[in-house]
Every structure is written in structure tokens, then in C-alpha cells.
Amino acid sequence: MKECKKVAIIGAGAAGYFAALSVAQHHPNAEVTLYEKTAKVLSKVKISGGGRCNVTHNCNELSELLKAYPRGGRKLKSIFYQFNPKDTVNWFKERGVAIKAEADGRMFPVSDQSQTIIDCLAAAADKQAITLQLSTGVKALKQEKGKWIIVLANQERVYDNVIVTTGGNPKRNSFDWLAQQGHKIIPPVPSLFTFNMPEENITALMGVVAPNGKVSIAGTKIKTEGPILVTHWGLSGPAVLKASAFGARILAEKNYCFDVQIGWVDQNPKELLSLFEKTVSVHPHKKIMNHNPLELPNRLWHYLLERTRVPQDRRWNELGLKNSRRLIEYLTNDLYKVNGKTTFKEEFVTCGGVSLSDVDLNTMQSKKAKGLYFAGEVLDIDAITGGYNFQAAWSSGYVAGKLGEKLAK
Ligand SMILES: Cc1cc2nc3c(=O)[nH]c(=O)nc-3n(C[C@H](O)[C@H](O)[C@H](O)COP(=O)(O)OP(=O)(O)OC[C@H]3O[C@@H](n4cnc5c(N)ncnc54)[C@H](O)[C@@H]3O)c2cc1C
């Protein structure tokens with residue numbers, strides 16, 4: 001007799017849709033119901049990537065991909081082995097959605113519209129006859145006689161398998177119903193935020209970008225590289241967001257009050273000293289103010305000269321070793337006080353959630369409760385920006401939808 005499993009997916013976001021579609025693909029006779037507590041599906045996909053949806057990252061090296069996940073990291077190997085960024089691109093391509101890569105590796109639908117992704121997922125779910133239950137929040141789970149019972153506002157329903165894809169949430173009590181099933185919950189804190197620096201006058205340079213910056217959080221091992229953007233409230237840009245992701249927990253413990261060391265250029269002190277010596281010999285009479293030998297915007301160069309207290313009319317042959325050293329110190333190790341955080345374009349993710357130690361990452365099945373699976377941000381998995389968070393949702397949803405069976409890729 002053909003199997004006729006009843007499967008409930010809780011949460012109609014990226015992971016929920018992919019899990020539902022994967023169940024339909026791998027278990028064609030299963031009856032799949034997708035529950036969503038709000039009146040809309042895929043609402044984060046809709047607003048993602050500034051309305052363009054950064055679907056995945058152009059990254060074919062597994063070892064590189066794993067580095068993008070401060071929570072998850074190498075543990076995600078088995079998930080990405082089963083479904084990787086290339087599979088994501090092919091999956092959408094097979095359903096008529098072409099995906100393009102941008103120079104920095106972020107990948108978007110060619111339409112530059114997140115709605116294209118939503119329409120594709122919705123059409124695929126329709127084709128597979130997946131039942132969608134909108135405005136139906138799941139309140140609790142129960143296990144009875146080898147079956148799963150999901151508790152809704154006014155009724156209970158029985159299933160063979162349940163996949164939880166309820167997403168991240170900064171409130172610990174939103175995970176209580178999953179803790180009740182014996183799962184350890186890693187306390188949730190926000191990730192992906194910019195630094196507030198209310199006491200620092202560098203904010204006057206808002207809009208300025210140092211293209212090859214370095215960010216270190218004082219007293220920690222957190223060090224990142226990449227563009228740094230000065231904003232009217234402090235610092236942002238890829239290097240800062242990456243530091244916020246890798247430091248999400250430490251910085252929460254510090255209540256977002258900490259010192260940040262900024263390197264405005266990628267050269268080290270020795271390289272800078274030799275560059276300055278060369279500039280002195282080639283352009284000895286040029287004013288330091290007017291001749292900036294670095295890949296730095298002039299506004300930032302002038303600000304740093306002022307910070308170093310190099311007089312405005314000084315020429316390169318008058319800089320001297322003492323001033324050179326001071327300037328190099330500010331260029332490579334400029335210290336600022338951070339006091340608070342601001343969410344980056346509202347694009348935040350949750351660090352924390354259901355502990356990966358309670359989940360078999362080959363199948364996404366709970367180690368605490370047989371027949372219960374997890375996928376997406378509800379787990380203690382999150383990444384830096386660039387399409388990696390959706391990739392984790394697609395991959396873990398796909399794996400969970402196999403329902404523990406060893407099936408071909
Ligand atoms: C503004 C913004 C922009 C982003 N842009 C990008 C981007 O471009 N690229 C990228 O990779 N990542 C991006 N992210 C991160 C990405 O959106 C998330 O990592 C991803 O959506 C997680 O998918 P998910 O399915 O696990 O959770 P979600 O997308 O959060 O979906 C969970 C769903 O479950 C529902 N739910 C919750 N509890 C229940 C319940 N008890 N019963 C029923 N339903 C429930 C929720 O209403 C929700 O619809 C962005 C995030 C934000 C906030």
C-alpha cells in the first residue's frame with residue numbers, strides 16, 4: 001500500500017515553503033498542510049534585499065560558504081551537501097525564474113523583484129496541492145500514540161510528522177512551546193546591526209566610505225574586513241555588520257557599550273611608513289592636505305589629519321617621523337566609543353533559537369522527539385548579509401522535507 005503521511009508545516013516563510021515543497025517532492029502521496037499565523041505568506045521574502053530578495057550567494061566552495069554562518073558554521077556541512085547555492089539557482093531556474101549574480105556575490109532574481117520569488121513558490125505549492133491555512137497560529141504541540149497533535153486556537157489536529165519553520169524571534173518566551181518538547185533554547189539576541197556612536201564627531205562625515213576597512217572589537221577576538229560606511233548615527237557597512245554578526249552574543253552581554261578599533265586602510269604600519277617616505281621623496285613640496293596618497297575619500301583624509309593635529313599648511317617634507325607615526329596610528333587603530341545599536345535597514349536576524357545539539361543535522365529531525373523536524377531561523381543558525389540566511393532556510397527546509405529518508409539528491 002502506498003504511504004499516505006499527514007504532514008504539518010508550521011510557518012509559511014522561506015523555510016516553510018521549501019520544506020512543504022520538499023515533502024511533496026520526496027513523498028508524493030503525503031498530505032501536506034502549511035500553517036501560517038498571519039494573513040500573509042512569505043512576508044520577509046517580500047521585503048528582503050530592499051524588495052529585490054537576495055536569494056542566495058554565488059559561492060561554490062563549501063568551506064567558504066560555512067564561514068558565513070557565525071551560528072551553524074561547520075555543523076551545516078551535511079545540510080549544504082544535500083542542497084547548496086547552486087541547487088537553489090537551478091531550483092528556481094527549473095521553475096522559470098532566472099537568478100543573476102552581482103559583483104559582490106549576492107544573487108537576485110533577474111526581475112529585481114522579490115514578488116517573482118513569491119509567485120514562483122506559491123505556484124509550486126499550488127501545483128503540489130499543498131493546503132495553506134492562513135491566520136492559523138499553532139499554540140502548542142503534543143505527542144500521543146506515535147502521532148503529533150498540533151493545538152490551534154479552537155481545535156486540535158493529528159499528523160504523522162511536523163516540521164517547525166516559525167523563524168527567529170528576539171523574545172525567549174516565543175520558544176517556550178518548543179522547550180516544552182525537551183529542546184534546549186539558546187537565548188535569542190539580535191544580529192546584523194550598525195553601531196551607534198552618539199559621542200563621536202565622525203558622524204559629521206556621514207556618507208563617507210572607507211572601501212578597505214578593518215573593524216576590531218576591543219577586548220575580544222572579533223576582527224572583520226570590508227567597506228566601512230560613516231552614517232549620521234555612527235558606523236555601518238559590510239565590515240561593521242559582519243562584526244555585529246560574529247559579536248552578536250558578546251555585544252549583547254556588553255549591552256552594546258564597547259570600544260571599536262577602526263583601521264581605515266588595509267595597509268599595515270610598516271607599509272604605510274614606506275608609502276609616506278615614498279610620498280616625501282616624490283612630492284616633497286605638496287601640501288599633505290591636498291595630496292592624499294591613500295585609497296580614502298578626501299573628507300576622511302582631512303578628518304584624520306585634523307585628528308592627528310597635522311597643521312593644514314604642512315607639506316609632505318615637513319611631516320616628520322613623530323607626525324607620521326601618529327597619522328599611521330589613527331589610520332590603522334582609530335578608537336571610538338559605541339553606545340547602542342541600530343537595526344540595519346530593518347534587516348535583522350536572530351542569533352539563538354533551538355539548539356543544534358538537539359537536532360540531527362543530516363535529517364533536521366529532533367533528537368528529543370521522533371517525527372518532529374526543524375528548518376530555518378527558528379534554529380540557532382544565522383549568517384552575515386549576502387543571501388546566506390535564505391540559503392540556510394532553503395537548504396534546511398529541503399532536507400527536513402525528506403522526513404529522514406535517505407533519498408537521492
Ligand atoms: C527586512 C529583512 C530583509 C532581509 N533580507 C534578506 C535577504 O535579502 N537575503 C537573506 O538571505 N536574508 C534576508 N533576511 C533574513 C531572512 O529574511 C530570514 O533569515 C528568513 O526569512 C528566515 O526564514 P524562515 O522561513 O526561517 O523564517 P520567517 O521568514 O520568519 O518565516 C516564519 C513564518 O512563521 C510564521 N509563524 C511564526 N510562529 C508561528 C506559529 N506559532 N504558527 C504559525 N505560523 C507561525 C511567521 O508568521 C512567519 O511567516 C532579511 C530579514 C529581514 C527582516
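This one's a predicted model, so the numbers in the text were calculated from it and none came from an experiment. Ligands are counted one by one from 1 in listed order, and the atoms in each one are counted from 1 as well.
Taking every non-hydrogen atom of Lys44 and a distance limit under 4.0 Å, the qualifying atoms of ligand 1 come out as 17 (O), 21 (O), 29 (O), 30 (O). For ligand 1, the atoms closer than 4.0 angstrom to any heavy atom of Gly167 are 26 (O), 27 (O), 30 (O), 32 (C). For ligand 1, the atoms sitting less than 4.0 Å from at least one non-hydrogen atom of Tyr388 are 11 (O), numbered in the order shown with element in parentheses. For ligand 1 and Thr38, the ligand atoms under 4.0 Å from any heavy atom of the residue are 47 (O). Close approach to Thr165 involves these atoms of ligand 1, each under 4.0 Å from a residue heavy atom: 32 (C), 33 (C), 34 (O). When each atom of ligand 1 is checked for a heavy atom of Ala14 under 4.0 Å away, the hits are 25 (O). The Ala15 neighbourhood of ligand 1 comprises atoms 25 (O), 26 (O), with distances under 4.0 Å to a heavy atom of that residue. Interface of Gly137 with ligand 1, defined as ligand atoms under 4.0 Å from a residue heavy atom, comprises 42 (N), 43 (C).
Residue pairs meeting the side chain to side chain donor-acceptor pair (under 3.5 Å) criterion with at least one partner in residues 144-157, sequence neighbours excluded, are Tyr35-Arg157, Gln133-Arg157, Lys142-Glu156, Lys147-Asp160, Gln155-Arg157. Under the side chain to side chain donor-acceptor pair (under 3.5 Å) criterion, no residue pair touches residues 215-232, with sequence neighbours excluded.
Here Asn54 has heavy atoms under 4.0 Å from ligand 1 in both its backbone and its side chain. With a 4.0 Å cut-off on non-hydrogen atoms, Asp382 does not touch ligand 1 at all. Contacts between Asn389 and ligand 1 below 4.0 angstrom, taking non-hydrogen atoms only, involve backbone and side chain alike.
When the heavy-atom distances from atom 42 (N) of ligand 1 to Asn169, Thr56, Val138 are ranked, the shortest goes to Val138. Between Lys37, Gln391, Glu36, it is Glu36 that holds the heavy atom closest to atom 35 (C) of ligand 1.
The shortest N/O to N/O separation between Phe390 and ligand 1 falls below 3.5 Å. Residue Gly168 has no nitrogen or oxygen atom sitting less than 3.5 Å from a nitrogen or oxygen atom of ligand 1, judged on distance alone. Checking only distances, Ile10 never comes within under 3.5 Å of ligand 1, N or O to N or O. Residue contacts with ligand 1: Glu377 is placed with a nitrogen or oxygen under 3.5 Å of a nitrogen or oxygen of the ligand (distance criterion only). Every N/O-N/O distance between Gly376 and ligand 1 stays at or above 3.5 Å.
Checking side-chain atoms of Arg326 against main-chain N and O of Thr308 turns up a donor-acceptor pair under 3.5 Å. Side-chain atoms of His183 do not come within 3.5 Å of backbone N or O of Val354 as any donor-acceptor pair. Judged purely by atom type and a 3.5 angstrom limit, Asn389 uses its side chain to pair as donor or acceptor with the backbone of Ala383. Side chain of Tyr69 to main chain of Lys75: no donor-acceptor pair is present (N/O by atom type, distance under 3.5 Å, no hydrogens or angles). Counting only distance, with no hydrogens or angles, the side chain of Thr165 and the backbone of Gly11 share a donor-acceptor pair below 3.5 Å. Judged purely by atom type and a 3.5 angstrom limit, Asp87 uses its side chain to pair as donor or acceptor with the backbone of Asn84.
For the pair Arg307 and Tyr330, the cation does not sit on the ring face, since its NZ or CZ is not both under 6.0 Å from the ring centre and inside 45° of the axis.
Around NZ of Lys127, the count of heavy atoms belonging to other residues, nucleotides or ligands within 6.0 Å does not exceed 12.
Ring pair Phe18/Trp394 is tilted by interplanar angle, where 30° to 60° counts as tilted.
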